[in-house]
2 protein chains.
Amino acid sequence: MADIAARLGVSKMTVSRALSRSTRRRSDASEDLRQRILNTCQEMGYVMDQTARTFSSKRSGFIATLIPALNNSNFSDTAHGLTSAVESAGMQVLMGYTDYDMPTEEQLIRTLLMRRPEGIVVTGGSHTPLAKKLLESSGVPVVETWDLLTQPIAHNVGFSNAQAVGELVRALHAKGYRRMGFLGGLPQSDARGADRRQGFLEAMAQLDLDATRTLAIGSAPVSMEAGAQGVVQMLSRWPELEAVICVSDHVAFGALSECQRRGWSVPGRLAIAGFGGFEIAQACHPQITTVAVDSAGIGKVAGQLLLKAIALSRSGQKLAPETVVMPYRIELRGST
Amino acid sequence: MADIAARLGVSKMTVSRALSRSTRRRSDASEDLRQRILNTCQEMGYVMDQTARTFSSKRSGFIATLIPALNNSNFSDTAHGLTSAVESAGMQVLMGYTDYDMPTEEQLIRTLLMRRPEGIVVTGGSHTPLAKKLLESSGVPVVETWDLLTQPIAHNVGFSNAQAVGELVRALHAKGYRRMGFLGGLPQSDARGADRRQGFLEAMAQLDLDATRTLAIGSAPVSMEAGAQGVVQMLSRWPELEAVICVSDHVAFGALSECQRRGWSVPGRLAIAGFGGFEIAQACHPQITTVAVDSAGIGKVAGQLLLKAIALSRSGQKLAPETVVMPYRIELRGST
DNA sequence: TTGAAAGCGCTAACAG
DNA sequence: CTGTTAGCGCTTTCAA
């Protein structure tokens, strides 16, 4: 920066100011000088050192986010929505993925905090005690997403997975289904999956139906293959089963394909529903009934909330904890 | 850090040294003192400032990577492989996604370089001239992945998409297929897709077959829905079509489902093949013939290459450009 | 094994 | 609108 300044016969500060604001403001260099500075940077191959800038200004420009997995489009869509929301404010998303493992999450939180993010977005409300403490004492706004929490750390953007599955159960009930089951992964490996199962149990109980037909197969993320194996196990154990609700569209698709492979009609022999509103549930045949979630919207709202909180904190204020309930939609399709 | 030091009656440097190495080395604090330091950090809620550390040591601990899209499991698997490979060396992956857009890539490269990464991994070899110049003059090792390039910037980890599709064409030819077509997106929107189409054209020409049955529908990433529409258009235009090779498994799955919807037997009426070895191609019924790619392996090898280059550069040397050709496998399945 | 001094490249704060 | 000065929290380097 000093070299650029020397070349143009100005001070470092003038260069710094020209580079630090894309839109001119009061007390910026004149537009002409600003252009000459930018050109010289280009010519000399100068790229501003964000580390030094962060160090001096105490603003990293990072928003840290943790998602369970990268290759689950629900979560990558949330990350995408978050990125879009914050990049207009010049913020960059620093992402980590936990592989659905809480100790990994704690370790990642510690690593991410060392980068001094200006805000943090985590998925869900299950954290190790230390992780929770780290988030609380981080000094920056925290948003927990996807689940609706009774005791959020600060901000919360999500919906009740249990309630959504409950509505799905009632929708299937209204179509005449009675002997319904739930197919998911091991509850301890996935808080959201456990919530969905809980919603199934409660809704069935409310309808005075037998809620014992549930199967847990494998750890999160539950694969399509697990869905295929699961549906076979369920039908052999409960031949009277009329409909199965799966913890995700991936599991539902695995189950659907296995039925097709064995010549079992869907929804004739068995109705199948999923969760998540993934592309595949719409593309396949028959299309799979699902709970469509606004994954990108969750990220976008979380980002907007953070920007608001960050703006306030720069003027010395603090945004009161906010909870935003996101919508979802039961999509009844051919598979039921 | 000064507070921690003061509390224990030692100097900042002792604390710094205790914190900077997880495994003790020569000239570190005694193990007992080291434990007391770590405990005090925990008690006082101290989290080391990586920004200051980077600033002082000139090592960011970042590996920057650019992928076309987050929600394509091929690329997210590569990112996953890269992360696993470098995290053991204490490196963190800083990710950006280009949405298959080259100007966006250029902008992201500029942004990422400001964070002073110690290595860069980009997808493919198509970059704007300025992006290429930025990468070349970044001063850190660069790996281009997925495509096999004739003129890589430095290191290259990938395979020939054209050759892979060529092998697929010959495998289908061996099964008796002659009237084959290619279904993909607009070539200018996706260099890899264009390569795959090119491989189709060349292989068909080599076999003395008519290679005119190709359709480009939509920009990358081509959706399942586009695959569904595409297969209908192709069959109405070329009713004699026996087999269609799709630019990705997603497109192939969309095509397959549309055929099922319309009661067209696959592979009876039309054989369908995909590309990428995605989970869905294996889970669906019939299973889809595909080119299985070691996506995670690409990231892993790229990461190892970078670690080697970084280690060398710390001793003042420079790793000569390396090209690693990754394997792929033609998976013949029920859809053909 | 430990400590003291210097400085990394930028921006905040204030002065002009 | 521009410049000067000080300093961000670490690590490097050198000395003990």
Side-chain angles (χ1 to χ4, degrees), chain A residues 1-37 40-41 44-62 90 111 113-118 139 314-316, chain B residues 1-37 40-41 44-62 90 111 113-118 139 314-316:
Chain A
M1 194 177 265
D3 292 348
I4 307 278
R7 173 92 90 100
L8 290 166
V10 297
S11 76
K12 275 196 312 182
M13 265 323 292
T14 302
V15 177
S16 170
R17 285 194 267 248
L19 260 44
S20 59
R21 309 186 218 292
S22 39
T23 57
R24 288 194 60 215
R25 295 204 218 152
R26 215 158 43 84
S27 92
D28 275 1
S30 68
E31 190 52 39
D32 171 63
L33 177 55
R34 192 164 168 275
Q35 273 310 325
R36 275 173 29 231
I37 290 171
T40 306
C41 291
M44 300 179 70
Y46 170 76
V47 179
M48 150 96 71
D49 186 334
Q50 174 76 36
T51 301
R53 189 214 283 262
T54 298
F55 185 48
S56 176
S57 67
K58 303 176 172 322
R59 291 185 190 176
S60 66
F62 275 137
T111 308
L113 285 178
M114 291 174 66
R115 302 286 181 179
R116 298 293 188 259
E118 301 186 51
R314 282 181 184 167
S315 56
Chain B
M1 194 177 265
D3 291 349
I4 307 277
R7 173 92 89 100
L8 290 165
V10 296
S11 76
K12 274 195 314 182
M13 266 323 294
T14 302
V15 177
S16 169
R17 286 195 264 250
L19 260 43
S20 59
R21 309 187 218 293
S22 39
T23 57
R24 289 194 61 213
R25 295 203 217 152
R26 217 159 40 84
S27 93
D28 275 1
S30 68
E31 190 52 40
D32 170 63
L33 176 55
R34 191 164 168 275
Q35 273 312 325
R36 274 171 35 229
I37 289 172
T40 308
C41 290
M44 299 180 72
Y46 169 76
V47 179
M48 149 96 71
D49 187 333
Q50 174 75 38
T51 300
R53 188 214 282 263
T54 298
F55 184 49
S56 176
S57 68
K58 304 177 172 322
R59 291 185 190 175
S60 65
F62 275 136
T111 309
L113 284 179
M114 291 173 67
R115 301 286 182 179
R116 297 294 188 260
E118 301 185 51
R314 283 181 183 167
S315 56

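So that the names make sense, note that chain A is the first sequence line, chain B the second, and so on, each numbered from 1. Since the structure is predicted, the reported quantities are computational estimates derived from the model, not experimental observations.
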Under the side chain to side chain contact (heavy atoms under 4.5 Å, CB included) test, residues paired with Ser60(A) that sit two or more places apart: Thr54(A), Phe62(A), Glu118(A)

Salt bridge (Lys or Arg N to Asp or Glu O under 4.0 Å) involving Arg53(B) - partner list, sequence neighbours excluded: none

Partners passing side chain to side chain contact (heavy atoms under 4.5 Å, CB included) against Thr40(B) (at least two apart in sequence or in another chain): Ile4(B), Arg7(B), Leu8(B), Met44(B)

Euclidean distance, Arg59(B) CZ relative to Thr51(A) OG1, rounded to 0.5 Å: 14.5 Å

Under 4.0 Å protein heavy-atom contact, by nucleotide of nucleotides 6-16 of chain D - B base, S sugar-phosphate only: -BBBBBB----

d(CZ, Arg36(B); P, dT2(C)) in whole Å: 10 Å

Under the side-chain hydrogen bond (donor to acceptor under 3.5 Å, both in side chains) test, residues paired with Arg115(A) that sit two or more places apart: none

Whole angstrom value for the distance that separates C1' of dT2(C) from CD1 of Ile4(B): 18 Å

Atom-to-atom span, CG of Leu33(B) to C1' of dT2(C) - whole angstrom: 10 Å

